[in-house]
Amino acid sequence: KSADEILITLTDGRQGFADIVGLDEDTDLAVLQINLQNLPLIDIGDSHKLAVGDVVLAIGNPYDFGQTVTQGIVSATSRKRLGITAFVDFIQTDADINPGNSGGALVSAMGELVGINTVIISSSGGSQGIGLAIPIHLAIDVMRQIIENGHVVRGWLGVVAQMLPKDTALSAGLTQGGVVIAGIMQGSPADAAGIMPGDVLLEIDNQQLANPQQVINLISQYKPETAINIRVLSGWKEKTLTAIVAQRPSFKKNQ
């Protein structure tokens with residue numbers, strides 16, 4: 001974002017400059033247009049099919065050593081936000097990812113691109129066997145939206161949601177759970193719809209809600225100006241409200 005120039009170096013020795021097509025801060029991804037011809041391509045895999053134990057390779061440029069490949073396995077899938085980005089269920093791998101690997105490819109044993117290496121979880125700054133990658137299906141969706149729209153379009157409701165305490169759910173007889181509203185942004189779609197702090201969100205368009213991350217992901221998938229039905233428990237009384245989803249503002253906190 002703050003770079004004056006971006007220089008691309010290929011494995012065949014060619015170099016060229018790249019232009020930023022667009023950025024998506026919510027996933028920490030950028031789309032670049034490389035001013036070179038006959039660029040090498042990689043086959044795209046299906047990150048939905050990844051399973052724990054699958055062999056993966058992490059490709060990058062750790063510590064400016066040059067192109068490096070490390071091997072590991074998929075340790076977990078669908079790791080949630082973790083305070084890193086807003087909309088990513090990460091692939092967790094124990095393939096060594098060190099400073100300089102970010103933005104590199106996570107490749108399956110078949111040589112297919114399944115993720116974009118993003119960050120490590122470490123107390124020392126070096127690899128400790130917990131690396132995280134953005135699934136390629138999400139990265140491709142971000143790329144397509146940036147190319148088509150110049151930015152990623154996400155729906156926004158304007159609520160701060162928290163897990164519903166178990167004792168509250170039991171006392172209210174909510175066997176299916178729900179999500180409690182801790183705050184409402186003034187002037188937001190939730191505010192206009194009449195949702196209040198302390199209300200419990202039960203369903204959005206008949207889809208039951210279990211945790212705050214589910215609310216964020218679900219709302220973000222709606223296009224702005226879409227009307228949605230929200231079933232809430234307000235003051236021990238259930239009611240259904242209608243909200244008009246808005247375009248998510250350019251900040252990372254609150255949904």
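Heavy-atom basis, side chains included; hydrogens, waters and symmetry copies ignored.
Residues meeting the salt bridge (Lys or Arg N to Asp or Glu O under 4.0 Å) test with R14, sequence neighbours left out: D12.
N229 places no side-chain N or O within donor-acceptor distance of the main-chain N or O of T242, the cut-off being under 3.5 Å. The main-chain N or O of V245 is never found under 3.5 Å from a side-chain atom of T226 such that the two would form a donor-acceptor pair. Judged by distance alone, with hydrogens and angles left aside, the side-chain atoms of T70 form a donor-acceptor pair with the main-chain N or O of D96 at under 3.5 Å. Within the 3.5 Å criterion, the main-chain N or O of G16 finds no donor-acceptor partner in the side chain of N35. Looking only at distances, a side-chain donor or acceptor of S102 sits under 3.5 Å from a matching main-chain atom of T118. The backbone N or O of V153 sits less than 3.5 Å from a side-chain atom of Q145, completing a donor-acceptor pair. The backbone N or O of A105 sits less than 3.5 Å from a side-chain atom of N117, completing a donor-acceptor pair.
Closest approach of A95 to A58, counting heavy atoms only: CB-CB, 4.0 Å. Considering all non-hydrogen atoms of both residues, S47 and V114 come closest at CB-O, 3.5 Å. Here the closest heavy-atom approach between residue M185 and residue W156 is recorded as SD-CZ2, 3.3 Å. Contact between P212 and M163 at its shortest, heavy atoms only, is CD-SD, 3.3 Å. The shortest heavy-atom contact between A190 and G158 is CB-O, 4.2 Å. Closest non-hydrogen pair, L36 versus Q15, comes out as CD2-O, 3.6 Å.
The cluster map of Ile, Leu, Val, Met, Phe, Trp and Tyr, joined by side-chain heavy atoms under 4.5 Å apart, puts V55 and L50 in different clusters. Both V31 and L113 are assigned to one and the same hydrophobic cluster, defined by single-linkage of ILVMFWY side chains at heavy-atom distances under 4.5 Å. Cluster membership for I147 and V142, using ILVMFWY side-chain heavy atoms within less than 4.5 angstrom, is shared. A continuous path of ILVMFWY side-chain contacts below 4.5 Å connects I116 to L57, so both sit in one hydrophobic cluster.
With a 4.5 Å cut-off on side-chain heavy atoms, M196 and I184 do not count as touching. Residues L157 and I230 are in side-chain contact: their nearest non-hydrogen atoms beyond the backbone lie under 4.5 Å apart. Contact annotation: the side chain of I6 never approaches that of F17 to less than 4.5 Å [non-hydrogen atoms, C-beta and beyond]. For the pair I42/V107, a side-chain contact is recorded, criterion being any heavy-atom separation below 4.5 Å from C-beta on. Side-chain contact check for P40 versus L10: some heavy-atom pair is nearer than 4.5 Å. Counting heavy atoms from C-beta outward, L209 and L218 have side chains that approach closer than 4.5 Å. Side-chain contact between E225 and I244: present, with at least one pair of heavy atoms (C-beta onward) separated by less than 4.5 Å.
From I73, atom CD1 reaches atom CG of D54 across 9.0 Å, with rounding to the nearest 0.5 Å. A distance of 12.5 Å separates CD1 in I140 from CD1 in I134, rounded to the nearest 0.5 Å. In this structure, the separation between CG on D19 and CD on E5 is 10.5 Å, given to the nearest 0.5 Å. Remark: Y222 OH to I204 CD1 distance equals 6.5 Å, nearest 0.5 Å. The CD1 atom of I130 lies 9.5 Å from the CG atom of D94; values are rounded to the nearest 0.5 Å. Summarising the geometry, atom NZ belonging to K223 is positioned 15.0 Å from atom CZ belonging to R154; distances are rounded to the nearest 0.5 Å.
Atom CD of Q33 has 12 or fewer heavy atoms from other residues, nucleotides or ligands within 6.0 Å.
Between L164 and the choices L233, V200, L202, the side-chain contact (heavy atoms from CB on, under 4.5 Å) rule is met once, by V200.
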I'd like to know whether S234 forms a side-chain contact (heavy atoms from CB on, under 4.5 Å) with K239, so could you lay out the CA-CA distance, the side-chain angles of the two residues, the decisive distance to 0.1 Å, and finally the verdict.
CA-CA 7 Å; S234 182; K239 57 184 179 180; 3.7 Å; yes
Evaluation steps, side-chain contact (heavy atoms from CB on, under 4.5 Å), between D26 and R248:
CA-CA 11 Å; D26 289 319; R248 185 176 189 270; 2.7 Å; yes
One pair to check against side-chain contact (heavy atoms from CB on, under 4.5 Å): V232 and L201. What are the steps and the verdict?
CA-CA 5 Å; V232 304; L201 301 190; 3.5 Å; yes
